[in-house]
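Just so you know, ligand 1 is whichever comes first in the structure, and atom 1 is the first atom listed for that ligand. Keep in mind it's a predicted model, so treat the numbers as computed, not measured.
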Amino acid sequence: MTRIWFFPFFFIALACGNPSIPSASLPSNEESKQTSGLNPNGDSELALLMRQMTDFMRQSLDSLQKESPLPKVPDNLQGLTTAEATEGMIQDRNHFNGFASLWLNKSKTLDTAQSLFTRREAYHSLQQSCLSCHSQYCQGPIPMIQGLSLPEN
Ligand code: HEC
């Protein structure tokens, strides 16, 4: 199941589109429309923020596993509720911002969690919150986000 993510089109697969379509099968005029970024649709402000959120999750996961202090939630992630998305992605900003605010609240819980146990719980809850928004808005990255799960131990 997870093996598909080792294909060379891994980065394209992070974008919202159907991850099962290899980039090589795109018509060449589609390919030439690609910008310098990872996303065939270009790099919206929100897409860039998402990559930063992904980095933050990776670093947090790594720190949790090493039982070392977690990175601070970058301040600019507060821009989640206002960042411009790829055209057509968000129809109803209020609906989107419900998920966004929940995520931001959970990130605060992680930031302030004291014990390793509560940090692990808060991380898990934050990851679930990534998934619940993605189940509504942008399904492509879901397998990657599931891959950010904290192993049981
Ligand atoms: C409030 C809703 C919401 C939450 C919460 C959310 N996402 Fe996203 N995510 C989106 C939307 C919408 C896009 C599409 C952005 C665009 O194309 O403008 C996206 C795009 C992405 C992308 C693709 C970026 C690219 O390069 O195109 C990745 C990767 C991603 N999210 C990871 C995550 C991770 C990891 C989390 C949790 C830390 C998360 N997302 C939380 C809504 C959300």
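- In terms of heavy atoms, L126 sits closest to L110 at CD2-CD2, 3.8 Å.
- Within the coordination shell of atom 8 (Fe) of ligand 1, defined by N, O or S atoms under 2.8 Å, Y137 is absent.
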Review point. Going through the checks in order, is the side-chain contact (heavy atoms from CB on, under 4.5 Å) test met by F96 and T81?
Key: CA-CA 8 Å; F96 176 87; T81 54; over 6 Å; no
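- The proximity of R51 to ligand 1, defined as any non-hydrogen pair under 4.0 Å, is limited to the side chain.
- Among the backbone and side-chain atoms of H134, an N, O or S atom lies under 2.8 Å from atom 8 (Fe) of ligand 1.
- Remark: ligand 1 atoms within the under-4.0 Å shell around heavy atoms of M89 are 12 (C), 14 (C), 17 (O).
- Looking at T118 and S115, their side chains do bring a donor and an acceptor atom within 3.5 Å of each other.
- Aromatic rings of Y137 and H95 (six-membered ring for Trp) have centroids within the 6.0 Å cut-off, being under it.
- The backbone N or O of P69 sits nowhere less than 3.5 Å from a side-chain atom of R119 that would complete a donor-acceptor pair.
- Using a 4.0 Å cut-off between charged nitrogen and carboxylate oxygen, D62 and K66 count as a salt-bridge pair.
- Looking at S129 next to ligand 1, no N or O pair under 3.5 Å apart turns up.
- Proximity to S44 (heavy-atom distance under 4.0 Å) selects the following atoms of ligand 1: 16 (C), 17 (O), 18 (O).
- Proximity to M57 (heavy-atom distance under 4.0 Å) selects the following atoms of ligand 1: 38 (C).
- Heavy atoms of C138 found under 4.0 angstrom from ligand 1 belong exclusively to the side chain.
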Check your understanding: After noting the C-alpha distance and the side-chain angles of S129 and F99, does the key distance pass the side-chain contact (heavy atoms from CB on, under 4.5 Å) rule?
Key -> CA-CA 8 Å; S129 174; F99 288 98; over 6 Å; no
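- Across the listed options A85, C130, C16, C130 owns the non-hydrogen atom lying nearest to atom 38 (C) of ligand 1.
- The two atoms that bring G88 and Q91 nearest to each other are O-NE2, 3.1 Å, heavy atoms only.
- Look at M144 and you'll find a heavy atom under 4.0 Å from some atom of ligand 1.
- Side-chain contact of S125 with K106: a donor-acceptor pair under 3.5 Å is present, judged by distance alone.
- Close approach of ligand 1 to F96 is summarised as follows: ligand atoms under 4.0 Å from at least one heavy atom of the residue are 1 (C), 2 (C), 12 (C), 42 (C).
- Below 4.0 Å from some heavy atom of F99 lie the following atoms of ligand 1, by number and element: 1 (C).
- Per-residue contacts place A100 under 4.0 angstrom from the following atoms of ligand 1 (heavy atoms of the residue considered): 1 (C).
- Taking every heavy atom of I145 and a limit of under 4.0 angstrom, the matching atoms of ligand 1 come to 32 (C), 33 (C), 34 (C), 35 (C).
- Here the CD atom belonging to Q65 is positioned 11.0 Å from the OG atom belonging to S60, to the nearest 0.5 angstrom.
- Residue contacts with ligand 1: E84 is placed with no nitrogen or oxygen under 3.5 Å of a nitrogen or oxygen of the ligand (distance criterion only).
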